[in-house]
Amino acid sequence: TSMEVVLYYRPHERDLIKLQKFAEAAVKDFPIRQLPRFTPWFPNDLYRLPLKPKKQPPVISCEEAEELKQLSTPSEYVTGSSGYDCTKSLLEFQSNVKRRHLSQALTVHKPVDLDNQREPPPNGKQKLKRSWSVSVPSPKLKEKILPLSQELQNNLERLKLHAFYRAKWTIEQSICNDQNLEDVWIKLNRLIKHNELPSCNATIQRSVGQIWIFCDILYCEYVRNILREKLSLTDKMNLLVHRFGIIFSL
């Protein structure tokens, strides 16, 4: 088989012998080196495993397995309706339920009443916990989100903050318009669940009586308008950024 080679060269390089050798070297086959066979650097003997468990695996009888199965059914420890907080009646989320040995747990054959099992606090006040709610990104909201107001843009430029910095809105009882803070929290969870608040995650701080909504600054004004409309909030809300404090009010 023949091959046609076109060689381009500069005007001052007209040595035909050098050009011919250069062209021949360019079309010459690359040398192929035969790779040596791989030999592992460790003993490759699958029948002799170097690591073995020190103890034998635990053995449980059929009777014990059946009793454990009965204890693990939801009807044994869930009392009443779970409501919107699905972790309220789960044993693994109860911090004051003492861990029991397996042999002690096997002797329990009646439902556990968590409400009666809780010990009252020494000072008479109930320790309030906080809860979280996290949103899922939704591409359908991009058309509804308007550009940031000029005032907020000026504040971002002055503080040298990017639009994707995280900011926080705070809801207090004073702006809830005769609503209970817990009712507002339930409505807010429903908004986040249906992806109506972009880039948002929220937490209720029951110990201080506040709800915190975290979002990107890019969507903060849109989020504020949705909160005002859907939650019937009154008065202004302050937008806070970590280490910068209040940067905007709406």
Side-chain angles (χ1 to χ4, degrees), residues 81-88 90 93-95 121 123 125-250:
S81 60
S82 59
Y84 68 91
D85 190 354
C86 60
T87 65
K88 183 177 180 180
L90 296 180
F93 287 90
Q94 300 296 327
S95 60
N123 55 1
K125 294 183 179 180
Q126 184 180 3
K127 185 178 180 181
L128 299 176
K129 298 181 180 180
R130 63 179 182 177
S131 303
W132 280 94
S133 182
V134 182
S135 68
V136 178
S138 176
K140 298 180 181 179
L141 294 174
K142 291 184 178 180
E143 298 82 7
K144 301 180 181 179
I145 299 174
L146 301 176
L148 297 177
S149 64
Q150 190 61 45
E151 180 184 356
L152 183 54
Q153 291 183 28
N154 295 338
N155 293 341
L156 296 182
E157 185 177 355
R158 176 175 54 86
L159 298 173
K160 296 181 180 180
L161 290 175
H162 195 274
F164 284 104
Y165 261 80
R166 298 292 285 178
K168 178 181 74 174
W169 293 111
T170 302
I171 298 178
E172 298 181 353
Q173 184 63 52
S174 58
I175 65 171
C176 289
N177 195 16
D178 298 331
Q179 300 178 89
N180 189 292
L181 196 66
E182 292 290 339
D183 296 334
V184 174
W185 173 244
I186 296 175
K187 294 179 182 178
L188 178 63
N189 274 265
R190 196 175 296 119
L191 293 177
I192 294 179
K193 180 180 178 181
H194 291 87
N195 296 332
E196 297 189 41
L197 300 176
S199 79
C200 278
N201 60 296
T203 173
I204 178 171
Q205 302 281 341
R206 295 184 174 91
S207 58
V208 294
Q210 293 179 346
I211 297 176
W212 298 348
I213 301 102
F214 299 90
C215 64
D216 294 342
I217 297 180
L218 181 64
Y219 310 115
C220 67
E221 291 179 313
Y222 176 81
V223 169
R224 170 61 177 123
N225 293 332
I226 293 295
L227 294 177
R228 177 191 295 145
E229 176 185 354
K230 301 291 185 178
L231 304 181
S232 303
L233 301 179
T234 60
D235 208 352
K236 286 187 176 182
M237 291 175 60
N238 296 325
L239 184 70
L240 293 92
V241 176
H242 183 57
R243 296 182 181 176
F244 293 91
I246 299 176
I247 66 168
F248 187 62
S249 297
L250 184 62

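Scope of the values below: all heavy atoms of this structure, side chains included, with no hydrogens, waters or symmetry mates. Computed from a predicted structure; not experimentally measured. Along the sequence shown, residues carry numbers from 1.
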*Could you tell me whether Glu196 and Arg190 have a side-chain N and a carboxylate O separated by less than 4.0 Å?*
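Salt bridge: no.
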*asked:* Under the rule for salt bridge (Lys or Arg N to Asp or Glu O under 4.0 Å), what residues qualify as partners of Asp216, not counting sequence neighbours?
replied: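 By the salt bridge (Lys or Arg N to Asp or Glu O under 4.0 Å) rule, Asp216 matches Arg166.
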*Determine, stepwise, if the pair Leu188 / Leu227 fulfils side-chain contact (heavy atoms from CB on, under 4.5 Å).*
CA-CA 8 Å; Leu188 178 63; Leu227 294 177; 3.7 Å; yes
*Is atom CG of Asn180 surrounded by more than 12 heavy atoms (other residues, nucleotides or ligands) closer than 6.0 Å?*
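Check passes, neighbour count above 12.
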_Quick one: does any side-chain atom of Gln173 pair with a main-chain N or O of Gln179 as donor and acceptor, under 3.5 Å?_
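Side chain of Gln173 to backbone of Gln179, a donor-acceptor pair under 3.5 Å: yes, one is there.
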*Asn155 side chain to Ile247 main-chain N or O, any donor-acceptor pair under 3.5 Å?*
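Yes.
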Drop me the distance from [X]'s [atom1] to [Y]'s [atom2], to the nearest 0.5 angstrom.
X	Y	atom1	atom2	answer
Gln205	Glu172	CD	CD	12.0 Å
Leu250	Cys220	CG	SG	8.0 Å
Ile217	Leu148	CD1	CG	8.5 Å
Leu156	Lys160	CG	NZ	13.5 Å
Leu152	Ser249	CG	OG	10.5 Å
Asn177	Leu233	CG	CG	8.0 Å

*Quick one: sort the His162 and Phe164 rings into parallel, tilted or perpendicular, breaks at 30° and 60°.*
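Parallel: the ring planes of His162 and Phe164 meet at under 30°.
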Would you check if [X] and [Y] make a side-chain contact, meaning some heavy-atom pair closer than 4.5 Å?
X	Y	value
Arg224	Ile213	no
Phe248	Val241	no
Cys200	Leu191	no

*asked:* Set out, in order, the CA-CA distance, both residues' side-chain angles and the distance that settles side-chain contact (heavy atoms from CB on, under 4.5 Å) for Ile226 and Leu197, then state yes or no.
replied: CA-CA 8 Å; Ile226 293 295; Leu197 300 176; 3.5 Å; yes
*Closest approach of Leu181 and Cys176, non-hydrogen atoms and distance?*
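Reported closest heavy-atom pair: CD1-SG, 3.9 Å.
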*Locate the shortest heavy-atom distance separating Met237 from Thr170; write the atom from each residue and the value.*
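Looks like CE-O, 3.5 Å.
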*Could you please spell out the steps behind the side-chain hydrogen bond (donor to acceptor under 3.5 Å, both in side chains) verdict for Glu221 and Asn225?*
CA-CA 6 Å; Glu221 291 179 313; Asn225 293 332; over 6 Å; no
*side-chain contact (heavy atoms from CB on, under 4.5 Å) between Arg206 and Trp185, worked out*: CA-CA 11 Å; Arg206 295 184 174 91; Trp185 173 244; 4.2 Å; yes
_Derivation of the side-chain contact (heavy atoms from CB on, under 4.5 Å) call for Ile192 and Asn201_ = CA-CA 8 Å; Ile192 294 179; Asn201 60 296; over 6 Å; no
